[in-house]
Amino acid sequence: MNVEEKPKFENEQIKRQKIFIDKIKKINDEYAEKTGKRKTMFISTFGCQMNAHDSEKLEGMLVEMGYSYADEEKNADFIIYNTCCVRENAENKVYGNLGYLKRQKKLKPNLKIALCGCMMQQDSVIQKIKESYKQVDIVFGTHNIYKLAELIYTNLETNSPVFDIWKEHGEIVEDLPSVRKYKFKAGVNIMFGCNNFCSYCIVPYVRGRERSRSSADIINEVNALVNDGVKEITLLGQNVNSYGKNLKEKITFAELLREINKIDGLERIRFMTSHPKDLSSELIYAMRDCEKVCNHIHLPFQAGNNEILKRMNRNYTKEKYLEIIEKIRSEISDIAITTDILVGFPGEGDKEIEDTLDVIRKARFSGAFTFLYSKRTGTPAAVMEDQVSEADAKRGFNRVLQTLNPIIFEINSQKLGKTYDVLAEEASPSDTGFIKGRLRDNSLVHFKADESVVGNIVNVKITECKTFYLIGELV
Ligand code: SAH
Ligand code: SF4
Ligand code: F3S
């Protein structure tokens, strides 16, 4: 683990929080002196890379407050859930865990429980927590994670639950401390929020309107990361293709990529997620020209039927999507394209799924996240009349997988016998003696090596192919 340096503390908000961080640190140091042990923390993160990245900031702040790490949740003095609400099962997991924490708190009355993230931006959730989960101490949302220290301090002072949820985002708070999970790769937010309002999706309601960080702030952050040993960065946003639209400076995502590509010492640039409606030719050319930008694009298409796409408010047609894919492949021949597919949207029956299968066959994805539609209260799709039964949705889902998986396997098989650059990431938890790494096209490979290779880019020859990963050997 490795604590990022904070280059500047100029931001007023940060200055204010630093005071609270110091106050809690003092309390925690005194506790450690008295008891001989430090207060420990445990963070559980649900949802997407944006949440994972927020959790690194929460962790950074908690480390500065003098908390150490608990090996398991049940041994922690401070537990925080950074929640997701994109699908119902993500929410159910949190409620399930909270039920368990009720008993824990009875055993350990000094245990502190905090909740944050996307779920907390919904009034109905806050209501439910206030009524049924009274053991929770601190609740905040997606717009004010930087206030963690102040909220903890208020809770300690008042000894009563603290709720602080903002309906609207404030200014972007730069330079939060952060603890990165990996020394050699890092996520970098380039924008927050989403303006697209796909009719099934809750994200725009819980993450607020689209806003981009200035290119100077992004480039400074990437420079600092590279100086700290980072080789690969992933630029993060719900829709990176519309980067820059609300900024005073005139800059597009493609121009940002070209700027970041100039940074010495950086080896690989990734980004996610791209929305097909905003994908410009300019971006394709930048990907083609920038040697550090990896030959991979994640381009969710969700569904293939034009009527469904229209009702999803996706703003492209099946033909347009396939045209974009063709254009990308004509410029970048070795590109790997991955996608998200949503099955069971209102009105999607066997006939409509045929169009989804057609896109899968034509686009030839290297990988896909496939989701069963989950009704989200407050979204337009939730009140559409022709909701699909679970059985029908599952049937469609299986047909999607049956079409998708052989293609993925076929694409993987073409790598047999070839040698690739692989960034070695960590020991494989399932295969002892094996290291997990990623090709530039984002394929996962397991290869025999010792842990000293972790963090390096090595040459790996592919010797075997499974559906979801490759097996290889160091050469
Ligand atoms: N901004 C990204 C995706 C963010 S959410 C994009 O638009 O590409 C990640 C994925 O979750 C989406 O691509 C979609 O496939 C899925 N998803 C979103 N809302 C969902 C819902 N209500 N039920 C099931 N899956 C959903
Ligand atoms: Fe949700 Fe659509 Fe925004 Fe993606 S682009 S986060 S699917 S509303
Ligand atoms: Fe979930 Fe929020 Fe990400 S709803 S998918 S954690 S933006």
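First listed ligand is number 1; within each ligand, the first listed atom is number 1. Every value quoted in this text rests on a predicted model; they were computed, and no experiment measured them.
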Yes or no: does Leu299 have any heavy atom under 4.0 Å from an atom of ligand 1?
no
Which atoms of ligand 2 are found less than 4.0 Å from any heavy atom of Cys201?
1 (Fe), 6 (S), 7 (S), 8 (S)
Contact partition for Cys194 relative to ligand 2, non-hydrogen atoms under 4.0 Å:
side chain
Kindly say whether the aromatic ring centers of Phe78 and Phe42 come within a distance under 6.0 Å.
no
Describe, in one word, how the ring planes of Tyr373 and Phe345 are oriented to each other, choosing from parallel (under 30°), tilted (30 to 60°) and perpendicular (over 60°).
perpendicular
Under a heavy-atom criterion of less than 4.0 Å, does Val86 contact ligand 1?
yes
Quick one, Val222 and Val188 - any side-chain contact, counting heavy atoms below 4.5 Å?
yes
At a 4.0 Å cut-off, with the gap strictly under it, does some heavy atom of His275 reach an atom of ligand 1?
no
Atoms in ligand 2 with a heavy atom of Val203 nearer than 4.0 Å:
6 (S)
Quick test: of every protein heavy atom, which one is nearest to atom 19 (N) of ligand 1, and how far off is it to 0.1 Å?
Tyr200 CD1, 3.3 Å
Sorted by chain and residue number, the residues having a heavy atom closer than 4.0 Å to an atom of ligand 3 are Gly47, Cys48, Asn51, Cys84, Cys85, Val86, Cys118, Arg207, Gln238
Quick check: does Gln238 get an N/O under 3.5 Å from an N/O on ligand 1?
yes
What part of Phe197 sits under 4.0 Å from ligand 2 if we count only heavy atoms: the side chain, the backbone, both or neither?
backbone
With a 4.0 Å cut-off on heavy atoms, is Arg314 in contact with ligand 1?
yes
Excluding sequence neighbours, so at least two apart, what forms ring pair (Phe, Tyr, Trp, His ring centres under 6.0 Å) with Tyr146?
none
Looking at non-hydrogen atoms alone, which of Cys48, Pro300, Cys198 comes nearest to atom 8 (S) of ligand 2?
Cys198
At what distance is the nearest protein heavy atom to atom 5 (S) of ligand 2, and which residue and atom is it?
Asn196 ND2, 3.3 Å
Looking at ligand 2, would Arg207 count as a contact under a 4.0 Å heavy-atom criterion?
no
